[in-house]
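These notes concern the structure reproduced below.
What you see is a predicted model, and the numbers here were worked out from it, not measured in a lab. Just the heavy atoms: all of them, side chains too, but no hydrogens, waters or symmetry mates, feed the values below. By convention in this document, chain letters (A, B, ...) are assigned in the order of the sequence lines, proteins followed by strands, and residues within each chain are numbered from 1.
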2 protein chains.
Amino acid sequence: MRPEDAFGKVLRDLRVKSGLSQEKLALEANLDRTFISLLERGLRQPSLVTILEISKILKVPAAHLVELAEAEMKK
Amino acid sequence: MRPEDAFGKVLRDLRVKSGLSQEKLALEANLDRTFISLLERGLRQPSLVTILEISKILKVPAAHLVELAEAEMKK
DNA sequence: CTGTAGACTCAGGTCGACT
DNA sequence: TAGTCGACCTGAGTCTACA
């Protein structure tokens, strides 16, 4: 899949799996709800600090998040 | 250590270890030499795509790079 | 609950020149 | 070889509002 879409897909999967709305995730990660929406649709790419924030809320190591994204890219 | 400095330290360690100059790394990763300098000194934070580019050149998985950075932060 | 759009701020990233 | 400075441009991230 397109590299730009990989992180977004992983993010959405994990977020839904953990039963959070975009709004709740955004709130806890100190990010904007519309930005989460952009990320999930591959219209924005995260910075390292954003990845760290999000991983903290989703309770997965940031490294694992990146690992999943890399795996998606190869599909 | 300060979170802003973590990635830079990891980057410098791995780059030196693989015998590359900032300039050579920058060239191969399609980045600017001055930007690598800023990254290593913690004056700039990388985006995900930057991390992916760099990891490709340094021949370590991006996830491992992030893992090392996270570990540094806890020191 | 999510997508979208516009307008905005600031950090990421480039470039050239000098130390 | 690496640091720095200044000017510059793009893209990350916010906010308000509406479908």
Query raised in the report: What parts of residues 23-31 of chain B reach DNA chain C, counting only heavy atoms under 4.0 Å away?
Result: Asn30(B), Leu31(B)

Report summary line: To the nearest angstrom, the CG-C1' distance between Leu48(B) and dG11(D) comes to 14 Å

Requested in this report: Could you tell me which residues satisfy side chain to side chain contact (heavy atoms under 4.5 Å, CB included) with Thr34(B), sequence neighbours excluded, listed by chain and number?
Outcome: Asp32(B)

Using atom types as modelled, flag every donor-acceptor pair under 3.5 Å from a side chain in residues 60-75 of chain A to any protein atom, sequence neighbours excluded.
unit_1	atom_1	unit_2	atom_2	d
Glu72(A)	OE2	Lys75(A)	NZ	3.1

Query raised in the report: Within the structure, does a side-chain N or O atom of Ser37(A) lie under 4.0 Å from either OP1 or OP2 of dT2(C)?
Result: no

Query raised in the report: Residues in side chain to side chain donor-acceptor pair (under 3.5 Å) with Ser55(A), at least two apart?
Result: none

Query raised in the report: Applying the side-chain contact (heavy atoms from CB on, under 4.5 Å) test to Phe7(B), which of Val10(B), Asp5(B), Leu11(B) qualifies?
Result: Leu11(B)

**Report entry** Rounded distance (Å) that lies between atom C1' of dT16(D) and atom CZ of Arg33(A)
**Finding:** 11 Å

Query raised in the report: Between Ile36(B) (CD1) and dA2(D) (C1'), how many Å, whole number?
Result: 12 Å

Query raised in the report: Who pairs with Glu4(B) by side chain to side chain donor-acceptor pair (under 3.5 Å), at least two apart in sequence or on another chain?
Result: Arg2(B)

Query raised in the report: Looking at residues at least two apart in the chain, or sitting in another chain, which of them share a salt bridge (Lys or Arg N to Asp or Glu O under 4.0 Å) with Lys24(A)?
Result: Glu28(A)

Query raised in the report: So which of residues 11-21 of chain B are in contact with DNA chain C, with a heavy-atom cut-off of under 4.0 Å?
Result: none

Can you give me the N/O atom pairs linking the protein to nucleotides 8-12 of chain C at distances under 3.5 Å, or say none if there are none?
unit_1	atom_1	unit_2	atom_2	d
dG12(C)	OP1	Gln45(B)	N	3.2
dG12(C)	OP1	Gln45(B)	O	3.4
dG12(C)	O5'	Gln45(B)	O	3.4

Report task. Could you list the residues that satisfy side chain to side chain contact (heavy atoms under 4.5 Å, CB included) with Leu43(B), not counting sequence neighbours? Result -> Leu38(B), Arg41(B)

Requested in this report: Only counting residues at least two apart or in another chain, list the ones meeting salt bridge (Lys or Arg N to Asp or Glu O under 4.0 Å) with Lys59(A).
Outcome: none

Requested in this report: Taking only the side-chain heavy atoms of Gln22(B) (C-beta and beyond), determine which of dT14(C), dA2(D), dA17(D) contains the nearest atom.
Outcome: dA2(D)

Requested in this report: With side-chain contact (heavy atoms from CB on, under 4.5 Å) as the test, would you mind laying out the steps for Ser37(B) and Gln22(B) before giving the verdict?
Outcome: CA-CA 7 Å; Ser37(B) 175; Gln22(B) 290 181 352; 3.7 Å; yes

Query - Candidates Ile36(A), Leu14(A), Leu27(A), Leu58(A) - the one meeting side-chain contact (heavy atoms from CB on, under 4.5 Å) with Leu20(A) - result: Leu58(A)

Query raised in the report: Taking only residues at least two apart or on different chains, which pairs with a member in residues 8-19 of chain A satisfy salt bridge (Lys or Arg N to Asp or Glu O under 4.0 Å)?
Result: Lys9(A)-Asp13(A), Arg12(A)-Glu40(A), Arg15(A)-Glu40(A)

